[in-house]
Amino acid sequence: MKSYITTPIYYVNGSPHIGHAYTSIVADIMKRNRRALGYDMMLSTGVDEHGQKNQEAAAALGMEAIAYLDMRCKEFREVFDLFDVDYDYFVRTSRDAHKAAVASMEQTIFDKDLIVKKEYTGKYCKGCEEFKRDSDLTEDGDCGLHPTMKIEESKEINYFLKMEPFREKLLQHIEDHPDFVQPNAFRNELKKMLAEPLEDLCISRPKSRVTLGVELPFDPDFVTYVWFDALANYLTTINWPEGDYSAWWAECEHLIGKDILKPHGVYWPIMLMAAGLPLPKKLSVHSHWTGEGGIKMSKSIGNVVDPNEVMDLMGVDALRWYLARHMRAESDSQISVELIRQTYNSELGNKIGNLLSRVAKFSNKNFDGKVPVAGALTGEDEALRKLVLEAAAGFGEWIDMPDIPARIQAIVAAADAMNEYIDQQAPWSLFKNEDTRERCATVLYVTLDCQRVLFEALRQVIPGSAEKALAMLNAPAPASPWKAELDKLPGGNPLGEIDSLFPRVNAPEA
Ligand SMILES: [Zn+2]
């Protein structure tokens, strides 16, 4: 069983931001989930190094393009490592094999007479790096995605891919494969994009304007339009066309933000059809992050969440937890450093981390540094164990992108139940009396073993902290493939060193 998950490759004309963090972290969670289920996994992420925007960013710093790209690429890789994203392949579109494959795909399509050269006059958005129809623009004549960039009237000779011959076929594919685009809101949006005849897609840029790109194999005066080049990475990463790519390709799932639905849902499938290649299995689309109050993040408002700042303040798992837990499936979600801090303190700190250190420290002190040995279980014990097992079992089953918040919510609910159980059972009181000491041991064992199960599941979400928690419990290595199981923490086993898992982070002084 294989599964191949891709993130978009990111433009390197700026530093990694919260949107990059989100898609990559969610991809990582899905990879860890499927690997736990026994799948053979491939996760690719990386950077898009071509196009006018990168060329201009290098020029603005007075740098040679190559030196600029190396610098940015290193920065992205380092940040993704800090995010704990366990990628298998880091894409660079400047790689020779990638460029050769892009050119070969273009030649194949050109040879089928599906690419035409013509003069085109139109409105061009530099942000999108594409021509816009009037119906694509706002009432003020701006690009909705780039309201601060001026739309320029542009007249150019270029090469165009014929799109319309494939429109009906693509619509049919979407009908026949309801899972091809998910969630449904975005499937419907894509169908709307395909409801009207499609204009030819401009796939070149004249070298007089853009030099940073893959030269067209049939005309050296042009480079490839950056989207055509970038999208092909999903195939070149698995060694198309030379290697044994087809088994991975058949299981390919693209994770994307809704802003790039059109390139992935229209351009890319039609490029593949034109080249005679099968389509990927699935597009999983997510919404965007906004600042508090639903206000778009912007430097001028000062509500931009910098992932590095969050990690410095609270650690990577505060960031991973918030992102994974709070994205709604079909609408935008709010984020701020303060919201992350509150969630971190209340859930990871108070509900999950404190309970572990309280119970483990108490066991350590009163049971000779060992996991207490359980006696007979009561109905309350069994009820808690059932609830925890069911919550953790959600991570022993396949998780699609929109399922992630609910699976984590189940873990939080289980942690609430554990806190309630401990308050009711009060092992600290039970320990004081010789007659109830065995009952105390049972309560502690039930709690520690339940925590082990939850942290095994949470390895998929907050791997660093979960491994640390399992080390505190000195839990045996979980089986692989994994499923949630009770009673795997041996009673009488020595505990590991107990530390605070999620130290409280106070609000910065005003
Ligand atoms: Zn734009």
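Ligands are counted one by one from 1 in listed order, and the atoms in each one are counted from 1 as well. Just so you know, these numbers use all the heavy atoms, side chains as well, and skip hydrogens, waters and symmetry mates.
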Cationic tip of R77 within the cone over Y89's six-membered ring, i.e. under 6.0 Å and within 45° of the normal?
-> no

Tell me whether the guanidinium CZ or amine NZ of K118 lies under 6.0 angstrom from the six-membered ring centre of F160 and within 45° of its axis.
-> yes

Return the orientation label for the [X] and [Y] ring planes: parallel under 30°, perpendicular over 60°, tilted otherwise.
{"X": "F110", "Y": "F218", "answer": "parallel"}
{"X": "H254", "Y": "W268", "answer": "tilted"}
{"X": "Y159", "Y": "F222", "answer": "perpendicular"}

Leaving waters out, which protein N, O or S atoms fall under 2.8 Å from the Zn ion (ligand 1)?
-> C125 SG, C128 SG, C143 SG, H146 ND1

Using the test side-chain hydrogen bond (donor to acceptor under 3.5 Å, both in side chains), find all partners of D86 that sit at least two apart in sequence or belong to another chain.
-> K31, R35

